[in-house]
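The structure appears right after this line, and notes come after that.
Since the model is a prediction, treat every value here as computed from it, not as a measurement.
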Amino acid sequence: MAAPATRNTAGAGDTRARYRRILRFAARNLIHIWWYDLFLPRIGLARFSERGRTKRLTAFARRFHDLAVELGGLMIKVGQFMSSRLDVLPPEITKELEGLQDEVPAVPFDAIAALAERELGMPLDRVFESIDPVPVAAASLGQAHRARLAQADREDTGLETVIVKVQRPGIDAIVDVDLAALRRVGGWLKRVRVVADRVDMPALVEEFSVTCLEEIDYLHEARSCARFADDFAHDPRVANPEVVWERTTRRVLTLEDVTAIKITDAAALRAAGIDPAHVAPVFASVMFDQLFTNGFFHADPHPGNIFVTPRVPDPAEAMDATTAHPWKLTFIDFGMMGEVPDSTRSGLRKLLIAAASRNGKGLVDAMRDVGVLLPSSDTSELERAMTQLFARFGGMGFAELREVDQREFRDFAIQFGDVIRSLPFQLPEHFLLIIRAMSLTSGVCSALDPDFNLWDSIEPYATQLLRDESGNVIQDVLKEAVSIAGVAVRLPKRLDTVITRIEEGDFAVKTPDLDRRIARLERVTRRLIGAVLFSALLVAGAVLLPTVLPLGIVLMSVSVLPLLYTLVGGRRR
């Protein structure tokens, strides 16, 4: 497959070299994984393979980290995406990549200015009264500069200082070639059964590509910013920058400069008379409003994207719990946003019913409905694990769970962690973004207040969710009752059929798991016999070779046949 055509002819050789380099890196590491994790276990060296597994995975993650930092582009995004896939990748990889930062050397300002002028259709000195050539921030997809609007725009918008976000020149071509390489690698992995049984790699790549293509479309980010503003239009706790639409295109985004105190800058907060411990619960409350009420949420709320802005209270404003503090939370960077779709809410209702009834199988079925488990997965062990979970923790409220020894949680997690990892288990994209948002929220709140307990903020929203969904839950329970009643009505006839088949000797019991184990044992036995024959013929030939040359050569040559059978024979069909 040739490197894909790119949108820009300039730098086509560089993009082809980039494409080949990504594929070479992937091929080398896939061969490495095949040798140690697939081939060696097949010839009886599983213990040897397992002994160095942690070291190999960590080394792979470090090599990818170095490649991502060197190439930039989507490779840094790939590393960040991989670090969040706790459902698919082993912890040795996710932990090594979790610190990968989207920071790269800045593009020279002349190149940024030229691109911005082409996009805006006029020289920058006509658009802005001044613009700082030193970027405020530089990332793999774009960089931001502080500027002052021209007089006419200041009068029209009421704004003076703005942040101009400009894509890196040539990033479209880089994104194209990176996605093409990733799709090729996903196609390779689709043919590896051990991977295909666990995760749909092509779908995972497409899921990633959608997020990245949205992130480089600044018009999409501008619309997300406007939607976020609408959601919190009447909430004095929250602010966001205003979009200067007349100076915004797909590759250039101009926003109000809302720079203030970084949310985790405790010293600056205290200097402004703001207690960091008071900021934590408000921030958590705002994030849960986004997740559970609005269904549209900021999926990248790291400390660099949230400011605490001191505000002058309006004397006419009622001083309630949301306006009692003289500051507000200002969100920026709306390139990564998430939604909670209706289908997910329906699946969550099923999860709620299963949890309320302590139904492990129902919970697993609901996980399959929302796309967490692939339809083909064998979940009997997971159902048993969930039943144990309900038996130990199912009747506890949030306050009781806080009192449970953390070591018990850890021991329980270790107990059936292997069960979870053995399943074709993956999270849909919106689930990943929810988990990312929750994780970052917890981290920011803990930085603000080491004693902060996230459960205190979750409890009111969980209570409200139960209240809002109570009508739907009752309806679903009634439907379940009708279904059970139907089964009860049909049960006598079905029992009579079973008894008749037993009496006629036409009753068979199928045990797929046992059949698979027996078939696997037979294959292992046949391959073991092949390995013994190979060894015997090879040794006999080597012994006879010095004295009876022809016979020795024949025996050593024939030994290849049982060797081939041992390596490739007896595979599952």
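Ser209 places a side-chain N or O within donor-acceptor distance of the main-chain N or O of Glu206, the cut-off being under 3.5 Å. Side chain of Gln143 to backbone of Ala106: no donor-acceptor contact under 3.5 angstrom is found. Judged by distance alone, the side chain of Arg184 and the main-chain N or O of Ala180 form no donor-acceptor pair under 3.5 Å. Looking only at distances, a side-chain donor or acceptor of His298 sits under 3.5 Å from a matching main-chain atom of Ile332. For the pair Ser285 (side chain) and Pro281 (backbone), a donor-acceptor distance under 3.5 Å is absent. A donor-acceptor contact shorter than 3.5 Å is absent between the side chain of Ser442 and the backbone of Met438. With hydrogens and angles disregarded, no donor-acceptor distance shorter than 3.5 Å links the side chain of Asn305 to the backbone of Pro301. Between the side chain of Arg18 and the main chain of Leu71, a donor-acceptor pair closer than 3.5 Å is present.
Residue Arg223 qualifies as enclosed at atom CZ: its count of foreign heavy atoms under 6.0 Å is above 12.
Using a cutoff of 4.0 Å between basic side-chain nitrogens and carboxylate oxygens, Glu70 and Arg21 are scored as salt-bridged. Here Arg247 pairs with Asp153 in a salt bridge; the nearest charged N to carboxylate O distance falls below 4.0 Å. With salt bridges taken as basic N to acidic carboxylate O contacts below 4.0 Å, none links Arg148 and Asp257. Ion pairing between a basic and an acidic side chain is recognised when a charged N comes within 4.0 Å of a carboxylate O; Lys165 and Asp333 show such pairing. For Asp178 and Lys77, the salt-bridge test fails: no basic side-chain N is under 4.0 Å from an acidic carboxylate O. For Glu339 and Arg227, the salt-bridge test passes: some basic side-chain N is under 4.0 Å from an acidic carboxylate O.
A ring-centre distance under 6.0 Å is not found for Phe60 and His32.
Of all heavy-atom pairs between Phe228 and Asn240, the closest is CD2-OD1, 3.9 Å.
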